[in-house]
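Beneath this line is the structure, given in structure tokens, with notes to follow.
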Number of protein chains: 2
Amino acid sequence: MTPEPASSTDYWSTRLREQGLRVTHQRLAALEVIDHHPHSSAEEIYRLLKRAQRVPTVTLQTVHGIVNDLTAIGLLRRIDLPGKDSAARYETRVGDNHHHIECVRCGRVEDVDCARGEAPCLLPSDTHGMTLLEAQVTYLAVCHECELTLRKETHA
Amino acid sequence: MTPEPASSTDYWSTRLREQGLRVTHQRLAALEVIDHHPHSSAEEIYRLLKRAQRVPTVTLQTVHGIVNDLTAIGLLRRIDLPGKDSAARYETRVGDNHHHIECVRCGRVEDVDCARGEAPCLLPSDTHGMTLLEAQVTYLAVCHECELTLRKETHA
DNA sequence: ACCATTATTTTTAGTAATTCAAAATAACTG
DNA sequence: CAGTTATTTTGAATTACTAAAAATAATGGT
Ligand SMILES: [Mn+2]
Ligand SMILES: [Mn+2]
Ligand SMILES: [Zn+2]
Ligand SMILES: [Zn+2]
């Protein structure tokens with residue numbers, strides 16, 4: 001059985017060391033922040049790290065390096081949503097192949113459970129001779145608040 | 001004196017005028033090029049337009065303007081594929097809600113017919129109170145050529 | 001066909017997201 | 001605790017795209 005870590009810091013530290021990465025307070029703080037603010041962009045993570053005085057000296061370039069490294073070892077998942085306001089977003093919920101629904105107006109993102117739970121959860125009618133890795137599904141929608149806003153605008 | 005077959009030029013001209021847009025040789029040439037090279041990026045369209053001396057004076061900014069305008073009136077479809085080295089791609093096959101399979105290594109993109117043919121072709125387990133517009137499906141894969149290349153690299 | 005109107009293209013700059021490389025810093029090892 | 005070197009910081013570059021003003025050309029009326 002897996003022993004429960006005393007704190008989330010211990011948990012992340014163990015995961016980092018397992019992968020041969022050093023345990024820095026920047027990485028730990030980033031993981032905390034992403035865990036509490038899923039689907040954040042590098043810029044948002046950066047602001048959250050500075051705002052709470054967690055890592056006042058951190059730079060945006062460091063955040064990019066961190067999310068790249070942590071994604072590479074499977075501690076984070078990167079999601080690329082469509083739209084020209086395209087900044088990659090990151091989350092700690094990995095390994096369950098879940099999907100996302102995005103409001104095309106305000107960019108709000110919510111999780112959508114996968115029916116199958118592992119990739120690929122959907123099969124193409126034709127693979128064109130390729131080896132399928134994953135079916136990436138993104139639901140585009142308009143959230144309730146934006147619907148109301150749009151209705152007002154249409155009225156005027 | 002029209003170097004292009006009158007039929008396709010006439011077709012696009014009619015579509016443009018229907019939408020109140022002027023028929024410019026830049027727009028016509030762009031539509032031709034995209035029709036013959038589906039899933040091209042603005043940069044690729046730009047190079048294709050200059051290469052064949054079709055529109056030697058065209059600029060990349062113009063291509064961006066054209067694809068934006070033509071997408072807005074439904075003559076083109078814009079596809080945003082995942083992977084951060086990915087520029088938006090454009091195609092003339094519109095209105096059938098088809099999907100795509102992309103090689104994650106070389107970026108090759110092929111069409112995948114939609115089982116339903118119109119959006120949304122898939123329903124989320126939870127809409128989170130949002131009004132669903134579309135289920136965007138992208139299959140990530142490794143093409144045959146890339147598979148062979150990767151096998152060689154692993155060997156060495 | 002000619003001209004006027006104005007949409008479109010071109011020219012010139014600027015922005016946002018991300019990457020790269022060298023120098024400074026700070027984790028791990030012994 | 002000191003040495004090694006991964007990581008962060010600093011500073012600059014790149015890519016994809018947008019913005020605004022000046023030049024050009026497509027349409028409509030004569
Ligand atoms: Mn998620
Ligand atoms: Mn297609
Ligand atoms: Zn919204
Ligand atoms: Zn390939």
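Order of the sequence lines sets the chain letters (A, B, ...), proteins ahead of strands, with each chain counted from 1. Model, not experiment: these values are computed from the prediction.
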Under 3.5 Å, which protein N or O atoms sit close to an N or O of nucleotides 2-4 of chain C? Give each pair with its distance.
none

*Is E145(B) atom CD crowded by more than 12 heavy atoms from other residues, nucleotides or ligands, each under 6.0 Å away?*
no
*Measure the distance from OH on Y46(A) to P on dA17(C) and round it to the nearest whole Å.*
13 Å
*Please state how far atom CD in Q19(A) lies from atom P in dA6(D), giving the value in whole angstrom units.*
16 Å
*Between the side chains of D111(B) and H39(B), is a donor N or O closer than 3.5 angstrom to an acceptor N or O?*
yes
*asked:* Could you work out how much the helix from dA1(C)-dT30(D) to dG30(C)-dC1(D) bends, comparing the axis of its first five pairs with that of its last five, to 10°?
replied: 40°
*Does a side-chain N or O from R17(B) land closer than 4.0 Å to OP1 or OP2 of dA26(D), or not?*
no
*Roughly how far apart are T71(A) OG1 and L76(A) CG, rounded to 0.5 Å?*
5.0 Å
*What is the distance from CZ of R47(A) to P of dA16(C), rounded to the nearest Å?*
12 Å
_Stepwise side-chain contact (heavy atoms from CB on, under 4.5 Å) test for R15(B) and E18(B)_ = CA-CA 5 Å; R15(B) 299 288 84 72; E18(B) 278 175 358; 2.6 Å; yes
*Within the modelled atom types, does a donor on one side and an acceptor on the other bring the side chain of Q61(A) and the base of dT18(C) under 3.5 Å apart?*
no
*R78(A) CZ to dT19(C) P, straight-line distance once rounded to whole Å*: 6 Å
*Considering heavy-atom distances to DNA chain D, does G65(A) or L60(B) have its closest nucleotide positioned more toward the 5' end?*
G65(A)
*Atom-to-atom span, CD1 of I66(A) to P of dT19(C) - whole angstrom*: 14 Å
*Round to the nearest Å and state the distance from D80(B) atom CG to dT15(D) atom P.*
19 Å
_Base, sugar-phosphate or nothing for S41(A)? Non-hydrogen atoms, less than 4.0 Å._
nothing
*Check: T138(A)/E102(A) side-chain N/O donor and acceptor closer than 3.5 Å*: no
*Dump the intermediate steps for side-chain hydrogen bond (donor to acceptor under 3.5 Å, both in side chains) on H98(A) and D113(A), then the final yes or no.*
CA-CA 5 Å; H98(A) 71 272; D113(A) 288 342; over 6 Å; no
*In plain terms, say whether R27(B) and D69(B) are close enough for a salt bridge, that is, a side-chain N and a carboxylate O under 4.0 Å apart.*
yes
_Rounded interatomic separation in angstrom, taking CG from L70(A) and C1' from dT7(D)_ = 12 Å
*Does the pair R89(B)/E91(B) count as a salt bridge with the N-to-O cut at 4.0 Å?*
no
*asked:* In whole Å, I'd like the distance from the NE2 atom of H64(A) to the P atom of dT10(D).
replied: 16 Å
*Specify the residues of residues 22-32 of chain A, ordered by number, for which at least one heavy atom lies under 4.0 angstrom from an atom of DNA chain C.*
R22(A), V23(A), H25(A)
*Is the shortest heavy-atom distance from the side chain of C121(B) to the side chain of H99(B) under 4.5 Å?*
yes
*Would you please confirm or rule out a distance under 4.0 Å between OP1 or OP2 of dT7(D) and any side-chain N or O of T62(A)?*
no
*asked:* Under 3.5 Å, is there a donor on one side chain and an acceptor on the other for N68(A) and R78(A)?
replied: yes
*Between N68(A) and dT18(C), does any side-chain N or O lie under 4.0 Å from OP1 or OP2?*
no
*Would T131(A) and E147(B) satisfy side-chain hydrogen bond (donor to acceptor under 3.5 Å, both in side chains), going step by step from the backbone distance to the final call?*
CA-CA 8 Å; T131(A) 303; E147(B) 188 113 34; 2.5 Å; yes
*asked:* Walk me through whether L28(B) and S13(B) qualify under side-chain contact (heavy atoms from CB on, under 4.5 Å).
replied: CA-CA 7 Å; L28(B) 290 177; S13(B) 299; 3.8 Å; yes
*What's the closest nucleotide to the A87(A) side chain, out of dT18(C), dC17(D), dT10(C)?*
dT18(C)
